[in-house]
Novice: 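My questions will all concern the structure given below.
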Amino acid sequence: MEVEAYIGQDDRASHARFGETARNRVMFGPPGRAYVYLVYGMYDCLNVVTEPEGWPAALLIRAVEPVEGIDAMRLDRIARARTRHRARCLDRHATEAERVRRLPAARLASGPGLVGAAFGLDTRWTGIDLCDPLSPLRLERASDGDAATTVLATPRIGIDGAGEPWTSVPWRLSLAGNPSVSGPFRAR
DNA sequence: GCAAGGATATCG
DNA sequence: GATATCCTTGCA
């Protein structure tokens with residue numbers, strides 16, 4: 001598990017830094033809702049709105065460790081790769097499919113773009129209530145010992161334009177030694 | 001190191 | 001309306 005916090009309009013790394021817009025509107029609403037946005041034209045990233053209404057904040061889910069639906073995640077990744085490569089190179093898809101088949105389960109959602117892909121999300125999921133037990137996408141209380149794991153706090157990723165102190169505040173939280181964490185501090 | 005890819009915020 | 005940028009990924 002790996003998350004990053006984006007808190008308030010002052011946070012120069014947050015989508016809320018320009019104030020309320022059509023895209024980030026849900027960040028200004030009540031907490032517990034999903035904010036899904038598209039980055040780099042191809043990756044849908046999942047955020048959880050966190051602070052009370054009027055205070056724009058969200059937690060970017062950068063990585064999760066799949067425990068269910070692993071085969072479905074693989075098949076979906078392969079299917080997506082097929083549509084992506086169809087117009088280009090045909091045997092490109094064969095190598096991509098093989099790579100996904102060999103990928104360890106822990107690496108199927110080890111990055112913000114991969115989390116969105118693993119859950120099959122797109123921007124239309126924005127606004128869904130993640131605290132509703134009946135919601136198809138929801139937060140649930142952990143039943144295992146995750147709470148006892150060491151949590152690492154490090155600077156956030158991919159926000160080099162934000163300036164200080166935003167580029168160095170340790171608002172990226174990850175579980176120490178967890179194989180699904182992206183980038184540095186991944187288990188070896 | 002860099003290309004892929006599309007929405008978005010900002011500027012003319 | 002054009003364009004630089006973007007909370008990324010996987011391969012050269």
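Below, chains carry the letters A, B, ... as their sequence lines are ordered, and counting in each starts from 1.
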Novice: Map every base of DNA chain C to its dot-bracket character, where paired means a Watson-Crick or G-U wobble contact with both distances under 3.5 Å and | marks a partner outside the strand.
Specialist: ||||||.||||.

Novice: Sequence neighbours left out, what pairs pass salt bridge (Lys or Arg N to Asp or Glu O under 4.0 Å) with at least one residue falling in residues 32-57 of chain A?
Specialist: none

Novice: Starting at CG of L103(A) and ending at C1' of dG10(C), how long is that distance when rounded to a whole Å?
Specialist: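 The distance from CG of L103(A) to C1' of dG10(C) comes to 11 Å, rounded to the nearest Å.
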
Novice: Can you see which heavy atom on W166(A) is nearest to which on V169(A), and at what distance?
Specialist: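 Heavy-atom minimum between the residues: O-CG2, 3.5 Å.
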
Novice: Would you mind listing every salt bridge (Lys or Arg N to Asp or Glu O under 4.0 Å) that reaches into residues 10-19 of chain A, with sequence neighbours excluded?
Specialist: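 Residue pairs passing salt bridge (Lys or Arg N to Asp or Glu O under 4.0 Å), neighbours aside: D11(A)-R156(A).
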
Novice: Any sub-3.5 Å donor-acceptor pair from R101(A)'s side-chain atoms to I78(A)'s backbone N or O?
Specialist: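 Looks like no, no N/O pair under 3.5 Å.
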
Novice: Got a sec, which pairs hit salt bridge (Lys or Arg N to Asp or Glu O under 4.0 Å) with one end in residues 60-70 of chain A, sequence neighbours left out?
Specialist: E2(A)-R62(A), E4(A)-R62(A)

Novice: Please state how far atom CD1 in I78(A) lies from atom P in dG10(C), giving the value in whole angstrom units.
Specialist: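 In whole Å, dG10(C) P lies 13 Å from I78(A) CD1.
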
Novice: If only atom types and distance count, is the side chain of S180(A) paired as donor or acceptor with the main-chain N or O of A106(A) below 3.5 Å?
Specialist: yes

Novice: Do the side chain of N24(A) and the main chain of H15(A) share a donor and acceptor less than 3.5 angstrom apart?
Specialist: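 Yes; at least one donor-acceptor contact below 3.5 Å.
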
Novice: Compare every heavy atom of T50(A) with every heavy atom of P31(A), then report the nearest pair and how far apart it is.
Specialist: CB-O, 3.4 Å

Novice: How do G113(A) and R17(A) order along DNA chain C: which one's closest nucleotide is nearer the 5' end?
Specialist: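 Its nucleotide being nearer the 5' end, the pick is R17(A).
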
Novice: Taking all heavy atoms of G120(A) and all of W125(A), pick out the closest pair and write down the distance.
Specialist: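 G120(A) and W125(A) have their closest heavy atoms at O-NE1, 3.8 Å.
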
Novice: N47(A) has an atom CG; how far is it from atom P of dC6(C), in whole Å?
Specialist: 17 Å

Novice: Mind listing the closest non-hydrogen atom pair of A57(A) and I7(A) along with its distance?
Specialist: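 Closest heavy-atom pair between A57(A) and I7(A): CB-CA, 3.9 Å.
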
Novice: Can you tell me the distance, in whole Å, between the CG atom of D160(A) and the P atom of dT8(C)?
Specialist: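 So the CG-P distance, D160(A) to dT8(C), works out to 10 Å.
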
Novice: CZ of R80(A) versus P of dT8(C): gap in Å, rounded?
Specialist: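 Spelled out: CZ on R80(A) to P on dT8(C) is 17 Å.
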
Novice: Please encode protein proximity along nucleotides 6-12 of chain B as a string of B, S and -, counting only heavy-atom distances under 4.0 Å.
Specialist: B-SSS--

Novice: Considering only heavy atoms, which members of residues 50-77 of chain A lie under 4.0 Å from some atom of DNA chain B?
Specialist: none

Novice: Between dC7(C) atom P and D11(A) atom CG, what is the distance in whole Å?
Specialist: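 Interatomic distance, CG of D11(A) to P of dC7(C): 11 Å.
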
Novice: As an exercise, state the distance from CG of L114(A) to CG of L103(A), rounded to the nearest 0.5 Å.
Specialist: 8.5 Å

Novice: Could you pick out which residue, G161(A) or V115(A), lies toward the 5' side of DNA chain C when each is mapped onto its nearest nucleotide?
Specialist: G161(A)

Novice: With a centroid cutoff of 5.5 Å and a plane-angle limit of 30°, would you call Y6(A) stacked on dC7(C)?
Specialist: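 Stacked: centres under 5.5 Å apart, planes under 30°.
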
Novice: Whole angstrom is fine here: how far is it from CG in L108(A) over to P in dG10(C)?
Specialist: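 Value for this atom pair: 10 Å.
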
